[in-house]
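All remarks here apply to the structure that follows.
Naming: A, B, ... by sequence-line order, numbering from 1 per chain.
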2 protein chains.
Amino acid sequence: MKSTTPPAAPRGRGPRGPRAEGDSRAEILAAARTLFAAKGFRATTTREIAARAGVDPALIHHFFGTKADLFEATVQLPRIAGEVGARLEAPSGDAAEGLARLYVEELFTRDVETFAAMLRTAVSSPEDMPWLRQMMEDTMLAVATRLLRGEHVALRAELIGAQMIGILVLRHLVGVEPIASTSTDDLVAAMAPALRALIDGAA
Amino acid sequence: MKSTTPPAAPRGRGPRGPRAEGDSRAEILAAARTLFAAKGFRATTTREIAARAGVDPALIHHFFGTKADLFEATVQLPRIAGEVGARLEAPSGDAAEGLARLYVEELFTRDVETFAAMLRTAVSSPEDMPWLRQMMEDTMLAVATRLLRGEHVALRAELIGAQMIGILVLRHLVGVEPIASTSTDDLVAAMAPALRALIDGAA
DNA sequence: GGGGTATTTCATCAATCGGTGAAATCGACG
DNA sequence: CGTCGATTTCACCGATTGATGAAATACCCC
């Protein structure tokens, strides 16, 4: 019976064809993205990532170096940063509604995993990823210079950012109702007046 | 010299008088509060708490049960919840400015450690403290029923809560400038118009 | 002054973590 | 067919973690 010894999978390279070249690497990336988004950096273990990718834990360190390297490879910050910058350049009818739609409909849906991983990590273990704080500051500063005029532009831009971060937390990270299940249209309509007040500045 | 063997502290009860009865317990609570606020639940180790309290790690499990029990004993939620409720009952001249001052000047200064510990834990490891989500929902619902009228009251209340959470993240958890160093007066003045828009509801 | 109780430390455990080194297998190339 | 490089797994290490059980000490009450 030798029931104590599970068949001991073959050791060498991927035995069959269905898993194409480099597929394991992509699968590791996908698993890491999902888990980092769901639990943050520290709470996610390399063994968990490997299990979800159907791969030996050692393969992670073979493709990517350390766990922090894998994290940086997982969240694609340059792409998102460039996207936000380009969107702010283009003029839009209503700045408040446009900004709300950009975050709620695009960034928080298509790239929700990256944002979740970033914020969960920045909040739970800031010393692990020190560059996250600087990156947040830069993003808010971009909004400030391109969209705001008047006094306290940086502070008002960060209040706009705070609104977005809070929505990300309640709607996507913690899952508080009813905001977690509200349609994007209703959410945009509800937040537009507040954003407008911050964009226009105090009376 | 016997430098290899540190004197091996006496084992029994606190030998001297200066440390009064139950003082160790209070010291553990204070150390836990600071560390949970700074790093969240998972990233804080019981040994770290014990070291900061100047106490053997085993003493933690003697006074409080498990690490999760210590966390629940650390954040004093009933007191804060009651305080917010009482404050919402009392009428104030400007509801928006009053709400801003309540959070920025009182809750986020006197009880900043409790809020930081709660949010860091809720965001980084939600499954560790499942009751945190329900508690957030209840708090927002209280604001909704006592302060708001019109349509989508729950959603608007949660947008107000999102604003507060974002400020907590940027100003106190991550430390983004300039909002981290802004005076409470300037901050309240900058956020009041946005809160007013959410309290009054859409046009 | 003696027994009981609360407090405190020591020693230790089982589990888990990130990471390393070597072996094994496969595919490509000559 | 032989060789080389890429891929994958195994076995393992040192460190750290939360938690437990027992021993030791001090205080309190009678």
Beyond-backbone contact of B:T45 with B:K67, side-chain heavy atoms, under 4.5 angstrom | no

Given atom [atom1] of [X] and atom [atom2] of [N], what is their separation to the nearest angstrom?
X     : N      : atom1 : atom2 : result
B:D56 : C:dA6  : CG    : C1'   : 16 Å
B:I60 : D:dT17 : CD1   : P     : 12 Å
B:L59 : D:dA22 : CG    : C1'   : 15 Å
A:F63 : D:dT9  : CZ    : C1'   : 13 Å
A:F64 : D:dT8  : CZ    : P     : 11 Å

Nucleotide-level pairing of DNA chain C, given in dot-bracket where Watson-Crick and G-U pairs need both distances under 3.5 Å and | marks other strands = ||||||||||||||||||||||||||||||

Enumerate, atom names and distances included, each donor-acceptor pair closer than 3.5 Å involving a side-chain atom of residues 164-181 of chain B, sequence neighbours excluded.
| from | atom 1 | to | atom 2 | distance (Å) |
| --- | --- | --- | --- | --- |
| B:R171 | NH1 | B:I179 | O | 3.0 |
| B:R171 | NH1 | B:T182 | O | 2.8 |
| B:R171 | NH2 | B:T182 | O | 3.4 |
| B:H172 | NE2 | B:F108 | O | 3.4 |
| B:E177 | OE1 | B:S181 | N | 3.4 |
| B:E177 | OE1 | B:S181 | OG | 2.9 |
| B:E177 | OE2 | B:S181 | OG | 2.9 |

Not counting sequence neighbours, which residues clear salt bridge (Lys or Arg N to Asp or Glu O under 4.0 Å) with A:R101? List them please.
-> A:E97, A:E105, A:D185

Taking 4.0 angstrom as the limit, do A:R133 and A:E137 come out as a salt bridge?
-> yes

Less than 4.0 Å between a side-chain N and a carboxylate O, is that true for B:K39 and B:E48?
-> yes

From C:dT9, C:dG21, D:dT8, nucleotide with atom closest to A:H62 side chain | D:dT8

N/O to N/O distances under 3.5 Å, protein versus nucleotides 15-19 of chain C:
| from | atom 1 | to | atom 2 | distance (Å) |
| --- | --- | --- | --- | --- |
| C:dG18 | OP1 | A:T44 | O | 3.4 |
| C:dG18 | OP1 | A:T46 | N | 3.4 |
| C:dG18 | OP1 | A:K67 | NZ | 3.0 |
| C:dG18 | OP2 | A:T46 | N | 2.9 |
| C:dG18 | OP2 | A:T46 | OG1 | 2.9 |
| C:dG18 | N7 | A:R47 | NH1 | 2.6 |
| C:dG18 | O6 | A:R47 | NH2 | 3.1 |
| C:dG19 | OP1 | A:T66 | OG1 | 2.8 |
| C:dG19 | OP2 | A:H61 | NE2 | 3.1 |
| C:dG19 | OP2 | A:K67 | N | 3.0 |

Result block: side-chain N/O donor-acceptor pairs under 3.5 angstrom for residues 81-89 of chain A, not counting sequence neighbours:
| from | atom 1 | to | atom 2 | distance (Å) |
| --- | --- | --- | --- | --- |
| A:E83 | OE2 | A:R110 | NH1 | 3.2 |
| A:E83 | OE2 | A:R110 | NH2 | 3.0 |
| A:R87 | NH1 | A:E106 | OE2 | 2.7 |
| A:R87 | NH2 | A:E106 | OE1 | 3.1 |
| A:R87 | NH2 | A:E106 | OE2 | 3.4 |
| A:E89 | OE2 | A:R146 | NH1 | 2.5 |

Pairing residues for B:F71 by the ring-ring contact (aromatic ring centres under 6.0 Å, His included) criterion, not counting sequence neighbours | B:F36, B:F41

Look only at the side chain of B:R156 and the backbone of B:L198, and say whether a donor-acceptor pair between them is shorter than 3.5 Å.
-> yes

